[in-house]
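Take a look at the structure below.
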Amino acid sequence: MSALTLHGYWRSTSSYRVRIALNLKGVAYDQVTHDLRTGAQGQADYRAIAPQGLVPAVEADDFTLTQSPAILEWIEERWPQPPLLPADAQGRALVRAMAALIGCDIHPLNNLRVLQALKADFGADQPALDQWIARWITDGFAALETWVARHGRGLAYGDRPGLADCYLVPQLYSAERFHVDLSPFPALVAAGEKARALDAFAAAHPSAQPDADP
């Protein structure tokens, strides 16, 4: 296989998910950054790779893929060991549901382009944006807390790092960045802290990326 290239941005939580998964699999990759603050993801050369103008995207073997859920599933199939998903069908479904709670219900509402639209089109100031972000993270985390408390054994699901942790850890990073109160979610915080202590997660942290702000 030729080198894998990950197009992303250091503070993008969806790019963060993919970095964690690649690190867990031990897959080497190159990074190309697109600064979301300057709109670099909307440039024509990147849209030729990712027509939506969103990160992340991966390129490998003359193959280009966008959307982090699809990328993560492809990584799991392409490099099945160590697995990101449980061995049983019920477990796999539960983990995918946990991932979707973040990837479909929390993250899209707090994406940069949504926040920019709220500011530009509806006059939302920063306190209003912070309230908006906290509302959707808190609503989603309230449900996810129940699932992690029920199914986690140290990590988000079971006792091995997997797909649910790939989603949880970046969303916790976002929550902390926007000063969301996490005290009601001890199971999520504990699972996140245990995952972050692992090398694969530490190396994927935004602050460890080559394009991170000083």
Side-chain angles (χ1 to χ4, degrees), residues 6-20 31-58 64-72 96-148 156 163-164 166-185 188-189 192 204-207 209 211-214:
L6 171 63
H7 294 265
Y9 173 61
W10 66 281
R11 210 158 53 186
S12 158
T13 56
S14 51
S15 301
Y16 190 177
R17 296 171 199 160
V18 175
R19 294 195 300 263
I20 293 170
Q31 293 198 66
V32 176
T33 186
H34 304 273
D35 194 330
L36 305 187
R37 295 167 297 188
T38 64
Q41 72 280 14
Q43 297 299 312
D45 58 346
Y46 182 60
R47 283 189 177 271
I49 297 167
Q52 239 183 326
L54 300 174
V55 297
V58 295
T64 302
L65 185 62
T66 63
Q67 294 293 336
S68 62
I71 293 170
L72 290 166
R96 286 185 172 111
M98 294 165 76
L101 191 154
I102 292 174
C104 299
D105 292 337
I106 299 176
H107 175 257
L109 289 166
N110 293 337
N111 205 325
L112 177 62
R113 60 179 180 163
V114 172
L115 301 180
Q116 290 174 334
L118 288 172
K119 185 175 182 179
D121 299 345
F122 301 100
D125 58 11
Q126 192 58 48
L129 293 179
D130 290 345
Q131 184 177 357
W132 171 272
I133 290 167
R135 172 182 178 178
W136 301 116
I137 292 178
T138 300
D139 280 2
F141 274 9
L144 192 59
E145 173 74 10
T146 300
W147 285 3
V148 171
L163 187 70
C166 292
Y167 279 82
L168 174 60
V169 167
Q171 194 59 61
L172 285 169
Y173 166 80
S174 178
E176 291 164 352
R177 179 184 166 203
F178 291 103
H179 309 292
V180 176
D181 179 15
L182 295 176
S183 60
F185 314 118
L188 298 187
V189 171
H205 193 276
S207 65
Q209 304 318 301
D211 58 327
D213 285 349

(message) Just to verify, what does Ser68 make a side-chain hydrogen bond (donor to acceptor under 3.5 Å, both in side chains) with, not counting sequence neighbours?
(response) Arg17
(message) Within the structure provided, determine whether Leu129 and Phe178 are in side-chain contact (heavy-atom separation under 4.5 Å).
(response) no
(request) Would you name the heavy atoms of Trp136 and Trp132 that are closest together and state the gap between them? (result) CD1-O, 3.1 Å
(request) Would you name the heavy atoms of Ala70 and Leu65 that are closest together and state the gap between them? (result) O-CD2, 3.7 Å
(request) Verify, without hydrogens or angle tests, whether Asp125 (side chain) and Ala128 (backbone) share a donor-acceptor contact under 3.5 angstrom. (result) yes
(message) side chain to side chain contact (heavy atoms under 4.5 Å, CB included), that's the test. Do Arg135 and Ile137 meet it? Break it down for me.
(response) CA-CA 6 Å; Arg135 172 182 178 178; Ile137 292 178; over 6 Å; no
(request) Check whether any side-chain heavy atom of Leu72 sits under 4.5 Å from a side-chain heavy atom of Leu163, and report yes or no. (result) yes
(message) Applying side-chain hydrogen bond (donor to acceptor under 3.5 Å, both in side chains), can you list everything that pairs with Thr38, at least two apart in sequence or on another chain?
(response) none
(request) Check side-chain hydrogen bond (donor to acceptor under 3.5 Å, both in side chains) between Asp139 and all other residues, then give those that pass, not counting sequence neighbours. (result) none
(message) On a heavy-atom basis, which atom in Leu101 and which in Leu144 lie closest, and how many Å separate them?
(response) CD1-N, 4.1 Å
(message) Contact between Ser207 and Arg11 at the side-chain level, heavy atoms closer than 4.5 Å - yes or no?
(response) no
(message) Quick test of your reading: applying side chain to side chain donor-acceptor pair (under 3.5 Å), list the pairs with at least one residue in residues 42-57, sequence neighbours left out, ordered by first then second residue.
(response) Gln52-Gln67
(request) First locate atom CG of Leu182, then atom OG1 of Thr138, and finally report the distance between them rounded to the nearest 0.5 Å. (result) 8.0 Å
(message) Strictly by side chain to side chain donor-acceptor pair (under 3.5 Å), give each pair with a member in residues 173-184 just once, sequence neighbours left out.
(response) Glu176-Arg196, Asp181-Ser183
(message) With rounding to the nearest 0.5 angstrom, report the OG to CD distance, Ser12 to Gln209.
(response) 10.5 Å
(request) State, with a plain yes or no, whether a side-chain heavy atom of Asp35 is found less than 4.5 Å away from one of Asp211. (result) no
(request) Could you please spell out the steps behind the side chain to side chain contact (heavy atoms under 4.5 Å, CB included) verdict for Ile106 and Asn110? (result) CA-CA 7 Å; Ile106 299 176; Asn110 293 337; 4.1 Å; yes
(message) Any heavy-atom pair between the side chains of His7 and Gln41 that's under 4.5 Å?
(response) no
(request) Quick one: do Tyr9 and Arg37 satisfy side-chain hydrogen bond (donor to acceptor under 3.5 Å, both in side chains)? Show the steps, please. (result) CA-CA 10 Å; Tyr9 173 61; Arg37 295 167 297 188; 2.9 Å; yes
(request) Under the ring-ring contact (aromatic ring centres under 6.0 Å, His included) rule, collect the residues that match up with Phe141, sequence neighbours excluded. (result) Phe185
(message) Which heavy atom of Ser15 sits nearest to which heavy atom of Leu6, and what is that distance?
(response) O-CD2, 4.4 Å
(request) Taking all heavy atoms of Leu109 and all of Asp105, pick out the closest pair and write down the distance. (result) CD1-O, 3.3 Å
(request) To the nearest 0.5 angstrom, please state how far the CH2 atom of Trp10 sits from the CZ atom of Arg19. (result) 10.0 Å
(request) Would you sort out whether Tyr167 and His107 count as a side chain to side chain contact (heavy atoms under 4.5 Å, CB included), showing the intermediate values? (result) CA-CA 10 Å; Tyr167 279 82; His107 175 257; over 6 Å; no
(request) Side-chain contact test, heavy atoms from C-beta onward, threshold under 4.5 Å: evaluate it for Val169 versus Ile20 and give yes or no. (result) yes
(request) Work out which heavy atom in Leu188 is nearest to a heavy atom in Leu168; give both atom names and the distance. (result) O-CD2, 3.9 Å
(message) For a 4.5 angstrom cut-off between non-hydrogen side-chain atoms, does Pro56 reach Thr66?
(response) no
(message) A side-chain contact here means heavy atoms from C-beta on lying under 4.5 Å apart; do Leu36 and Arg113 qualify?
(response) no
